[in-house]
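Working notes for the structure below.
Position 1 is the first residue of the sequence, and the numbers go up from there.
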Amino acid sequence: MLGRLLLSRGYHSTKGVFGHRPRPTTRYEGLAAAVLDKRNANANVYRWVEAYRNHGHRMAAIDPVKFHLADEAASEPLPELQYARYGLGAADRIDPRGLLNVPAAQQPLSMAELDALLARMYCGSCSIELAFIESEQEREWVAGRYEQLFQHELTEGERRELAELMLKSQAFDQFLAVKFPTVKRYGGEGAESMMAFYWELFRSAGEHELRNVVIGMPHRGKLNVLTTMFGTRPAKIFKKFKGHPEFPADAQAMCDIASHFHTSTDIIVGGKTFHLNMLHNPSHLEAVNPVSMGKARAKQLALADGPYDTSGTDRRSKVLNVQVHGDAAFPGQGINQECLMMAAVPHYEVEGTVHLIVNNQVGFTTPAERGRSTRYVSDLAKAIMAPVVHVNGDDPEALAGVTQLAIEYRQKFGKDFFIDLNCYRRWGHNELDDPTVTNPLLYRVIHGRPSIPDRYAGRLIEAGVFDQQDVDAISNSHRNYLTAELAACEQYEPERSYFGGQWAGLQQPGDEVTVWNTGVDYRLLSHIGQESVRLPEGFNVHPHLQKTHIDARRKRIAEGQRIDWATAEALAIGSLMYQGFNVRLSGEDVGRGTFAQRHAMLVDQQTNEIFIPLNAMAAATPNAGRFELANSILSEEAVLGFEYGMAIDSPNSLVLWEAQFGDFFNGAQIIIDTFLVSGETKWMVCNGLVMLLPHGYDGAASEHSSCRVERFLQMTDSRETSPDGDAVNLQIINPSTPAQYFHALRRQQIRNFRKPLLVVAPKTLLRLSDCVSPHTDFAPGTHFQPVLPDPAPLDPKRVRRVVLCSGKHYYTLASERQARQVTDVALVRVESLCPFPVQAIRDELAKYANAREFVWSQEEHRNMGAWTFVQPRFENMCERRIQYRGRPEAATVAVGVSKWHVREAEDVIKTTLY
């Protein structure tokens, strides 16, 4: 697998940056050693040491721009840290061996010496929070390793590397300030020490032989790390700033701003290679985090290396997820709680994420104390008992050590770790904003102090590691490099960064209409159908399911004439698995299905063991794909973001997300707007994610009736005067038969391109006796039909009105037409709403040469549903006037009184047919 990684863009340094370096050889062995050592330790001393570990962070000097207005209590000693509180006296001499894992503590110390040592470790520029972690083993391990790393000093060469990276970051921002003074760059000024995080991240990735690192990062400092460490040419950034596209001319893309850029490149560290993915991010803060998790999990599954429930580091997943947060956004955006609640859930865990909070202590213009209700920005991490370390941004060496600890912890325990980097923002939210308007005292401190790179370089000059000429040379050299890149940017040709790797062989579709043969021999489908309900011997299935699900499906399959919705879905999934495609279905209780229709996952009524029949079938089939049923947490936004991340990394996997009810999609609106429907046109990032949104007016009032199809149609780039084709950004269907659903799912993977698909999914059709398909509708040569003709035996010459409708509504109209024996109204089902099937509609209309009335009928209100999308396209391209039949305009999707609902439904039917 490693041999397939591309090495052409790897990061090399002639000065040894990111080279391998020796690690301390001693290891703190955790709980067993701690218990043994404590037998001989003074219990009061142990309580005092633990107090420093648990409370030292409250006195730590972690704020590089700390200022107080009238908080005199902040300078008072903390009672928990006073040794007298534990019955210890100044004259005592303590043997701390077994309590502290540092060389200085391997001999007796006076109380003053021990107090000073503890204060340096836990109340200095770096401090840790552990008290909320339940596992004593984890607490002891983290404390011991933290203390060990605290004593480890970087070599002079390593310190020079850190200084060089931060000085380059500063030079980059200063260069942009001069050359592009009116461009918002969201620079890293005030947070340049984050370079130490990435520096150590790369070194640790090499040491632990990671294969992939997937990073989700917001705007702040992104261009700095892209151009300084991640191999992105500054010429690309500069050309974008000058108003040029970032993709080749043949790309069907509208592009995006530079601070949303990504990278996918190989990094070489000490002779070892790992692949780095920094994802495209939208301006919606923190929205990229679940996407990074989904992409990381997809890579883990591709490598088949995790998740594992093992001890030690050798078997931990070789794919690392990293999330970088903003200090106001992390506690303020609910998507972060959702992500943390997924962290240890089966099918969503990524074996631990390393989090860096870039804490610049102001959100847009809001001071930190008004941006949250907690002491720290990281306090949300306590919900999952993740260790938290607070670091002063003026100490990049401490940040490097903490980063090493974070990755070691993740590799050992497979859990999340948080680093709270306390820094500042030298300018406003962007460089064109004046922050002194709303935060004058804070910015008086900021503007009165040296920058972080200059401050650190000054420390190295004092230590004799650097002299001022070295510092000037680094900055001047980088400015010269940037000047050369600026001069070359006009000649820079954008790189083709898409349709490589696992996406090789796929492409963007054209405007032509392509029919994809998705039928399958029924002998194979029959086998799949039988296997989908085959149980292992001794399995205790629920008695109700034996009759209504297992026996009923076997009968349907054997007869082959009345295939229902759930069976058609199982046939589509199973047949794709036979062809080697993986399938992942995610959502709340999707194993059973919201309407108890699916039962793809069965539970033994005696043992509670779970069994998935299709995976048992796949296990007996060479090269078959796998079926992952992911029962999600009660979340939409983070879960859909996770699935999107899976889909953009796994074109050979059919990824589906099912909302419990169609209207629940609005909890994931940010992911839909900024990733799903626009990711390809902004970033050339394709995906084949399928959203199943149960929809239908069944008297469920204002909730659970509508999936708001009008909103999705409005988000498509389908034009009113363009021919129907596959090149739209989002495909939307409202299928009315199980066979249509079968073909739509298979088409997602059979095609040579990937487009997101919205299925306006049924509720009542799941069990409607008329909503079935014969086996001939699944046969080879069959396919998804964008328009279904009227199956009634009408005389086309006598038809005076043609009614176009979609989905479930057809069955209501057909039932009423049959009951009233109406013979002059034809019902044409528009199964594909986008792309709008102009030619297929024309072909149907041609059958009814004498028709003079054309109607669009829908259940939804006039200002909802597909009407406003259908009308201009029908009239402009079919060259006929069309009338509306449906509910009138409304502010809510459905009434909340059953009698009103029935009367409205009757009116829609009557006005449509008579």
>> Could you go through T716 and N729, starting from their C-alpha distance and side-chain angles, then the distance that decides it, and tell me whether this counts as side chain to side chain donor-acceptor pair (under 3.5 Å)?
In response: CA-CA 6 Å; T716 69; N729 65 319; 4.9 Å; no
>> Is there a side chain to side chain donor-acceptor pair (under 3.5 Å) between R751 and Q748? Walk through the geometry before answering.
In response: CA-CA 6 Å; R751 296 187 294 200; Q748 282 296 98; 2.7 Å; yes
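Ring to ring, F418 and Y376 are not that close: their centroids are 6.0 angstrom or more apart. Aromatic rings from W503 and Y498 are positioned such that their centres are separated by 6.0 Å or more.
The cationic atom of R754 (NZ for Lys, CZ for Arg) does not lie both less than 6.0 Å from the six-membered ring centre of Y644 and within 45° of the ring axis.
Checked against R297 for a salt bridge (Lys or Arg N to Asp or Glu O under 4.0 Å), the options E628, E351, E349 give a single hit: E628.
Heavy atoms of other residues, nucleotides or ligands lying less than 6.0 angstrom from CD of E134 number 12 at most.
Taken to the nearest 0.5 Å, the CD atom of E286 stands 13.5 Å off from the CD atom of Q337. In this structure, OG1 on T674 lies 10.0 Å from CG on D256, to the nearest 0.5 angstrom.
The ring pair (Phe, Tyr, Trp, His ring centres under 6.0 Å) analysis of residues 277-296, with sequence neighbours excluded, yields the pairs H262-H280, H280-W683. Applying the salt bridge (charged side-chain N to carboxylate O under 4.0 Å, His left out) test to pairs two or more places apart or on separate chains, those with a residue in residues 700-717 are R708-E710.
Residues K755 and D726 are not paired through a salt bridge, judged by the lack of any N-O separation under 4.0 Å between the basic side chain and the carboxylate. Look at R372 and D379 and you find no salt bridge, because none of the NZ, NE, NH1 or NH2 atoms lies under 4.0 Å from a carboxylate O.
A donor-acceptor pair is defined here as one N or O able to donate and one able to accept, closer than 3.5 Å; no such pair exists between the side chain of Q714 and the backbone of V709.
Take Y697 and apply the ring pair (Phe, Tyr, Trp, His ring centres under 6.0 Å) test, not counting sequence neighbours, and it matches no residue. Residues that satisfy the ring pair (Phe, Tyr, Trp, His ring centres under 6.0 Å) test with Y810, not counting sequence neighbours, are absent from this structure. Residues satisfying the ring pair (Phe, Tyr, Trp, His ring centres under 6.0 Å) criterion with F661, sequence neighbours excluded, are F595, H704. A search for ring pair (Phe, Tyr, Trp, His ring centres under 6.0 Å) contacts involving H743 returns nothing, not counting sequence neighbours.
If you check the side chains of D589 and Q660, you find no donor sitting under 3.5 Å from an acceptor.
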